[in-house]
Protein chains: 2
Amino acid sequence: MQQGKSAETPPRGQAPKRKRVTKAQQREATIAQILDAGEYLFSRRGFFGVTLKDIAEEVGVHTSLIHYYFDDKEALFEQVVARRAPLVNEKRVAAMDRYEREAGGDITVAGALHAFLDTNLELYDSGEEWRNYGALAGLINNSSEWGARLMDDNFDSAVLRLVELLRKALPDCSEADLFWGYHFVSGALTLTLARTGRIDKLSGGACDSNDFAAVRQRMAEFMAAGFTTVCGRSKGPGGATG
Amino acid sequence: MQQGKSAETPPRGQAPKRKRVTKAQQREATIAQILDAGEYLFSRRGFFGVTLKDIAEEVGVHTSLIHYYFDDKEALFEQVVARRAPLVNEKRVAAMDRYEREAGGDITVAGALHAFLDTNLELYDSGEEWRNYGALAGLINNSSEWGARLMDDNFDSAVLRLVELLRKALPDCSEADLFWGYHFVSGALTLTLARTGRIDKLSGGACDSNDFAAVRQRMAEFMAAGFTTVCGRSKGPGGATG
DNA sequence: ATTATCTATAGATCTATAGATAATGC
DNA sequence: ATTATCTATAGATCTATAGATAATGC
């Protein structure tokens, strides 16, 4: 079913192996291939549904090579998750910083959510590796303890920055309302990233799991209205529900 | 770590085995225990993270007994999912039917969502078995193909009934807006059911993953505001955002 | 000399089946 | 006689390690 180790097709779109490169380059390239393959496979079947052999075959190397580069399966999984998280956070924070600067004192819920979500949805739609990574995040976010811990470790900082903006937009909103609101956003976002295809079938074709542009057109406004309503009031004139 | 096979502690709250019962009763009891144990374990670690031996030990029987009652591991998993789905759907539909009857012609988005969500959140908080089942649904909903198919097979009917009500409340809303809205609701709901504990830590204690009453107080109104805003207009006087 | 990769294998599972045993059913 | 449960085991993995091999590094 998979492309196997045919020398013709370089696995997962990586460069073909061994082509006049230094050892350091070769090392980095192989590690990246293993992480890519793990990301791809873990995103479909979860931690326990993937064997090191699956990953090794996807890359076209022997299983023992994975042990050469990674302590164990769990460490590999955590590195898969950790690899792209910093860029996710940087982009989120950069977008929110920019928004805050441009908004001056007039921060709105919708504005903050647009900054947080739109950049993010674009990133997670910007290539196969990001689509896989998003689907993996979707799985992890709905998994019990271990998943919650991984989400904490990797994504909390930027999320707290969002909540800070929301707090400025809704100064009278309770902490519980703010964080439950974020919880709803988080569930909706990670289900989107998971691209399970459920909404496609359910909607009889009106929606397409892979149409992130459609999500961007709706999600920030949808959630902003929720925050504004639940928190009981918008922030003064020119409120957030536009 | 688990309670093992101590004869004193009946596993998963089931009745102790073999107590003057007919074979049919014994059969049903054992099957129920296996499904309960599977539900519990699958909800924490997913399909691949649980072995038949894990389940057998949790129940206190031999692994081969699971094969006696179930074709294979996959069939067991599907039966775990299928077992409680009819009751979920019945309760959802009954609540929505009642709401529609009582509302007369004046169906609101918030009313429909309250009917769908509140009954559901209550059910999923009504005992350990329901908490486990909800967490399992949370996992499945964010899993790729197989998960989406299981959700379709088990939960579509009641969901389509909800969309029907929403369509009546928002007659000018596009199908895409309706179903994307449901997609957001679905993600938020299944993350809630998963009870991962993430929001507890993130909010510094302001929220508690297990406080479904707090979710009930917020979720329907939050989502109703989202639908109403994204669909562009509410349905005439006395609209839905109250 | 170092290191990227492979071969070989240990030891521990895992799912599933065949067949034995010990109850209940009638 | 039937059936709920257990014993024993086949055959297939799975993770991980030890040690060999074949490149690059200097």
Side-chain angles (χ1 to χ4, degrees), chain A residues 1-2 4-5 7 10-11 14-38 41-42 45-80, chain B residues 1-2 4-5 7 10-11 14-38 41-42 45-80:
Chain A
M1 293 206 165
Q2 251 121 240
K5 45 182 66 170
Q14 294 297 314
K17 305 194 305 186
R18 207 58 69 81
K19 256 255 172 138
R20 253 352 102 138
V21 287
T22 71
K23 284 197 170 181
Q25 285 173 320
Q26 182 62 30
R27 176 192 181 86
E28 291 318 306
T30 301
I31 288 176
Q33 276 181 292
I34 293 170
L35 290 170
D36 285 347
L41 290 166
F42 285 137
R45 298 164 72 87
F47 178 75
F48 300 106
V50 177
T51 70
L52 295 175
K53 201 179 173 213
D54 293 335
I55 298 173
E57 281 177 358
E58 178 80 21
V59 176
V61 298
H62 195 272
T63 308
S64 56
L65 193 61
I66 297 179
H67 286 104
Y68 177 66
Y69 285 119
F70 300 90
D71 276 353
D72 56 19
K73 190 182 172 188
E74 201 163 314
L76 168 59
F77 187 82
E78 300 207 349
Q79 286 192 46
V80 167
Chain B
M1 295 210 166
Q2 252 121 241
K5 46 182 65 171
Q14 293 296 314
K17 302 195 305 184
R18 207 59 68 85
K19 256 262 174 126
R20 260 337 108 141
V21 287
T22 70
K23 283 196 170 181
Q25 286 172 321
Q26 182 63 29
R27 176 191 180 85
E28 291 318 307
T30 302
I31 288 175
Q33 277 182 291
I34 293 170
L35 290 170
D36 286 347
L41 291 166
F42 286 136
R45 296 163 73 86
F47 178 75
F48 300 106
V50 177
T51 70
L52 295 175
K53 201 180 175 213
D54 292 336
I55 297 173
E57 280 176 0
E58 179 79 21
V59 176
V61 298
H62 195 273
T63 308
S64 55
L65 193 61
I66 299 180
H67 285 105
Y68 178 66
Y69 286 119
F70 300 91
D71 276 353
D72 56 18
K73 189 183 173 186
E74 202 164 313
L76 168 60
F77 186 81
E78 300 207 348
Q79 285 191 46
V80 166

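Convention: sequence-line order gives letters A, B, ...; per-chain numbering from 1.
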Whole-Å distance between [N] [atom2] and [X] [atom1]?
X     : N      : atom1 : atom2 : value
A:F70 : D:dC14 : CZ    : P     : 19 Å
A:K73 : D:dC14 : NZ    : C1'   : 8 Å
A:R27 : D:dG25 : CZ    : C1'   : 15 Å
A:F48 : C:dC14 : CZ    : C1'   : 15 Å
A:I66 : D:dA16 : CD1   : P     : 10 Å
B:L52 : D:dT13 : CG    : P     : 16 Å

For A:F77, all residues meeting ring pair (Phe, Tyr, Trp, His ring centres under 6.0 Å), sequence neighbours excluded: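 Only A:F42, A:F47, A:W146 meet the ring pair (Phe, Tyr, Trp, His ring centres under 6.0 Å) criterion with A:F77.
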For B:K23, salt bridge (Lys or Arg N to Asp or Glu O under 4.0 Å) partners two or more places apart: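 Partners of B:K23 under the salt bridge (Lys or Arg N to Asp or Glu O under 4.0 Å) test: none.
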May I ask you to evaluate whether [X] reaches the phosphate of [N], defined as a side-chain N or O under 4.0 Å from OP1 or OP2?
X     : N      : result
B:Y69 : D:dT3  : no
B:K53 : C:dC14 : no
A:Q26 : C:dT5  : yes

For A:F48, all residues meeting side-chain contact (heavy atoms from CB on, under 4.5 Å), sequence neighbours excluded: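 Partners of A:F48 by the side-chain contact (heavy atoms from CB on, under 4.5 Å) criterion, ordered by chain and then number, come out as B:R45, B:F48.
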Sugar-phosphate, base or nothing in reach of A:K23, heavy atoms under 4.0 Å: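 A:K23: base contact, heavy atoms under 4.0 Å.
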Touch class at under 4.0 angstrom, heavy-atom based, for B:L65 against every strand present: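 The residue B:L65 makes base contact.
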Strand DNA chain C in bracket notation, Watson-Crick/G-U under 3.5 Å with | for pairs to another chain: ||||||||||||||||||||||||..
Of all pairs that satisfy salt bridge (Lys or Arg N to Asp or Glu O under 4.0 Å), the ones with a partner from residues 66-78 of chain B, not counting sequence neighbours: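 Of all non-adjacent pairs touching residues 66-78 of chain B, those that pass salt bridge (Lys or Arg N to Asp or Glu O under 4.0 Å) are B:E78-B:R149.
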Using atom names, set out every protein N or O paired with an N or O of nucleotides 17-19 of chain C below 3.5 Å, distance rounded to 0.1 Å.
none

